[in-house]
Number of protein chains: 2
Amino acid sequence: MTDPALSPDPTFHRAAGIALWRQIADFLRSELRAGAWPAGTALPTEATFAHRFGVNRHTVRRAVAELVAEGLVRSDQGRGTFALGERLAYPIGRRTRFSEIVGRQAKAPGGRLIASGLEPAGGWQAEALGVVPDTPLLCLETLGVADNVPVSLARSWFVAERFPRIVETYTETGSITAALSRLGVDDYLRRWTRIRARIAEPAECERLDLTAGATVLIAEALNDDADGTPLHVSSTRFAADRIEIVVNAEA
Amino acid sequence: MTDPALSPDPTFHRAAGIALWRQIADFLRSELRAGAWPAGTALPTEATFAHRFGVNRHTVRRAVAELVAEGLVRSDQGRGTFALGERLAYPIGRRTRFSEIVGRQAKAPGGRLIASGLEPAGGWQAEALGVVPDTPLLCLETLGVADNVPVSLARSWFVAERFPRIVETYTETGSITAALSRLGVDDYLRRWTRIRARIAEPAECERLDLTAGATVLIAEALNDDADGTPLHVSSTRFAADRIEIVVNAEA
DNA sequence: TAGAATTTGTACGTATGTATC
DNA sequence: CGATACATACGTACAAATTCT
């Protein structure tokens with residue numbers, strides 16, 4: 001029943017205007033960095049911490065929520081709270097393709113179609129694709145998986161008139177690159193990528209198997225063909241505690 | 001005293017296994033997107049929402065915390081909760097420089113030295129700079145400001161032996177580019193950038209004027225000179241609700 | 001300028017729900 | 001099925017920051 005914390009249990013008081021939960025979060029963060037709980041191992045329970053630190057369980061919960069949000073730990077209802085490890089690299093360049101990317105670091109990368117549909121181009125999609133607003137677009141929502149862990153949730157939009165069979169072709173091939181290739185597009189390049197970050201919405205948490213409060217990196221991108229004609233736009237949400245985006249200079 | 005919500009107050013019940021606070025967050029998110037509260041305007045108080053929705057104030061707080069984390073609103077103790085607006089673009093390319101960047105969209109960009117010191121190269125800094133671990137590095141911590149709003153908090157590391165006077169020169173010029181230029185480096189290029197995201201730590205919240213629970217985008221980068229010799233590495237934290245990173249392809 | 005009112009932040013307590021072991 | 005552990009939701013009280021009087 002001894003636990004692997006490196007330091008003796010400290011006591012916390014509301015001193016110097018620092019909230020108790022912050023002091024506790026700071027303490028746990030430094031313990032995690034010092035290796036008190038290696039990746040994958042379980043931290044003591046909330047109740048245990050509450051007792052050892054002499055605070056209410058809610059105060060511990062607030063501190064743990066902070067660490068979840070920082071991507072250091074993950075909480076699973078009914079199981080416990082677990083330390084997380086390093087992130088996978090997701091390189092972005094002119095020739096970014098999901099399948100080739102994660103494939104070098106993880107086994108069994110793959111895409112799964114979650115939903116698809118026809119929707120009118122709105123706002124930035126129309127502008128990026130160079131079509132008038134409300135032009136019919138085919139939208140594919142796909143889940144990227146590496147080593148059986150979901151890492152990305154992407155929405156891709158194509159001009160329906162140009163790629164009327166993109167959904168069926170994606171379903172058959174399981175890859176945007178392969179689908180486009182079969183539809184006569186041998187090569188495409190990424191024109192630009194916009195990267196944002198925010199906390200995951202509930203629907204994203206479910207798909208990406210994230211706990212509430214986790215962060216998503218959002219990459220919106222425009223891809224065009226060799227002639228510079230816009231091909232498709234996409235908005236990909238990554239689990240920020242599993243992925244980092246890498247931008248390499250290309251000579 | 002009428003408020004500008006577009007929809008009538010809904011009532012929430014713990015149905016279909018969806019937590020009350022999630023339903024409330026979903027509702028407020030859609031109202032925000034529909035323009036119920038334009039950027040800069042105040043939302044009704046927590047107590048008001050609690051009364052109107054027929055729930056406890058803490059339940060409203062949990063929902064609002066979610067929106068804060070998503071970068072949609074910001075809460076200020078003693079003042080209220082305010083809707084946020086669009087993000088500034090921060091382009092990344094071979095020739096990324098802070099001063100030129102924000103300058104095109106916002107007035108009065110500038111850098112301020114917050115701290116500096118000598119520290120041994122550790123881990124990724126040593127690897128990136130191509131020096132042995134524990135090589136003495138000079139570290140500058142700087143705050144990037146646009147329109148009097150802090151947008152970035154950067155740490156830059158230089159090999160101390162090569163740039164012994166980088167701190168003084170930065171203090172005089174207020175810019176890394178200008179300081180390097182005065183030290184004989186006319187040009188430098190960005191070799192790579194790694195982008196992560198997580199919730200801001202307390203110290204970052206204070207510097208970047210963020211509320212607890214806000215998200216930071218973290219860009220770690222290596223810059224080298226025309227010969228390909230590593231010049232300096234940096235780790236920049238951006239307020240994710242004020243900035244988006246843009247990666248443009250360069251022909 | 002002092003103080004009251006307002007509004008968000010912290011911390012506690014209690015009870016119950018839900019998922020896992 | 002029971003025990004464990006995290007999740008939700010209520011209540012209460014006070015602290016801290018801001019704004020109004």
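Naming: A, B, ... by sequence-line order, numbering from 1 per chain. Predicted model only: the values in this text are computed from it and were never measured.
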Proximity to the side chain of A:Gln77 - top-ranked nucleotide from D:dA7, C:dT14, C:dT10: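 Per side-chain heavy atoms of A:Gln77, the pick is D:dA7.
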
With respect to the phosphate group of D:dA9, does any side-chain polar atom (N or O) of B:Asn56 fall under 4.0 Å of OP1 or OP2? no

Is it true that B:Arg198 and A:Glu244 have a side-chain N and a carboxylate O under 4.0 angstrom from each other? no

Under 3.5 Å donor-acceptor, B:Arg61 side chain and B:Asn56 backbone: no

Atom-pair distance (CZ on A:Arg57; P on C:dA15), nearest Å: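 Going from A:Arg57 (CZ) to C:dA15 (P), I get 14 Å.
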
From CD of A:Glu206 over to C1' of D:dA7, roughly how many Å is that when rounded to an integer?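 From A:Glu206 CD to D:dA7 C1': 16 Å.
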
Counting distance only, does the side-chain N/O of A:Gln23 pair as donor-acceptor with the main-chain N or O of A:Ile18 below 3.5 Å?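 The answer is yes, because a donor-acceptor pair under 3.5 Å joins these two groups.
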
Nearest-Å distance, CZ (B:Phe49) to C1' (C:dT8)?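 The distance from CZ of B:Phe49 to C1' of C:dT8 comes to 14 Å, rounded to the nearest Å.
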
Whole Å only: how far is the CG atom of A:Asp76 from the P atom of C:dT18?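 In whole Å, C:dT18 P lies 18 Å from A:Asp76 CG.
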
Rounded interatomic separation in angstrom, taking CD from A:Glu66 and C1' from C:dT10: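 So the two atoms are 14 Å apart, to the nearest Å.
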
Can you tell me if CZ on B:Arg207 sees more than 12 non-hydrogen neighbours from other groups inside 6.0 Å?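 Counting neighbours around CZ of B:Arg207, 12 or fewer heavy atoms of other residues, nucleotides or ligands fall under 6.0 Å, so no.
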
Whole Å only: how far is the CZ atom of B:Arg61 from the C1' atom of D:dG11? 15 Å

Tell me which of B:Leu43 and A:Thr59 sits closer to the 5' end of DNA chain C, going by the nucleotide each one is nearest to.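 Its nearest nucleotide lies further toward 5', so the answer is B:Leu43.
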
Side chain of A:Ala19, heavy atoms from C-beta onward: which of C:dT10, C:dG9, C:dT7 has the nearest atom to it? C:dT10

Distances under 3.5 Å between nitrogen or oxygen atoms of protein and nucleotides 19-21 of chain D:
unit_1: D:dT19; atom_1: OP1; unit_2: B:Arg79; atom_2: NH1; d: 3.2

With the side chain of B:Leu20 defined as its heavy atoms from C-beta on, choose the nearest nucleotide among D:dA7, D:dA9, C:dT10.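 Of the options given, the side chain of B:Leu20 lies nearest D:dA9.
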
Inspect the contact between B:Arg196 and B:Glu220 and indicate whether a charged nitrogen and a carboxylate oxygen are less than 4.0 angstrom apart.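 Counted as a salt bridge, because a side-chain N and a carboxylate O are separated by less than 4.0 Å.
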
Which residue lies toward the 5' end of DNA chain D, A:Thr81 or A:His58, if each is placed at its nearest nucleotide?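 Final value for this comparison: A:Thr81.
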
Would a distance-only check, ignoring hydrogens and angles, find a side-chain to backbone donor-acceptor pair under 3.5 Å from A:Ser234 to A:Thr236?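 Pair absent, no side-chain N/O of A:Ser234 close to backbone of A:Thr236.
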
Taking 4.0 angstrom as the limit, do A:Glu201 and B:Arg33 come out as a salt bridge?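 Yes, charged N to carboxylate O under 4.0 Å.
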
Give B:Val55 one of three labels, base, sugar-phosphate or nothing, depending on what nucleic acid heavy atoms sit under 4.0 Å from its own. sugar-phosphate

Under 4.0 Å, counting only non-hydrogen atoms across every strand here, what does A:Arg74 touch: a base, just sugar-phosphate, or nothing?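 Result for A:Arg74 = nothing.
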
How close or far is atom C1' of D:dC10 from atom CZ of B:Arg62, stated in whole angstroms? 16 Å

Among the candidates D:dA5, C:dA11, C:dT8, find the nucleotide nearest to the side-chain atoms of A:Thr45. D:dA5

Whole-Å distance separating the CH2 atom of A:Trp21 from the C1' atom of C:dT8: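 Atom-to-atom, A:Trp21 to C:dT8, this comes out as 14 Å.
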
Check: D:dA7 base within 3.5 Å donor-acceptor of B:Arg22 side chain: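 Donor-acceptor pair under 3.5 Å: no.
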
Given the rule in the side chain to side chain contact (heavy atoms under 4.5 Å, CB included) test, do A:Thr45 and A:Thr81 qualify, once you have shown the distances and angles that lead to the verdict? CA-CA 7 Å; A:Thr45 67; A:Thr81 301; over 6 Å; no

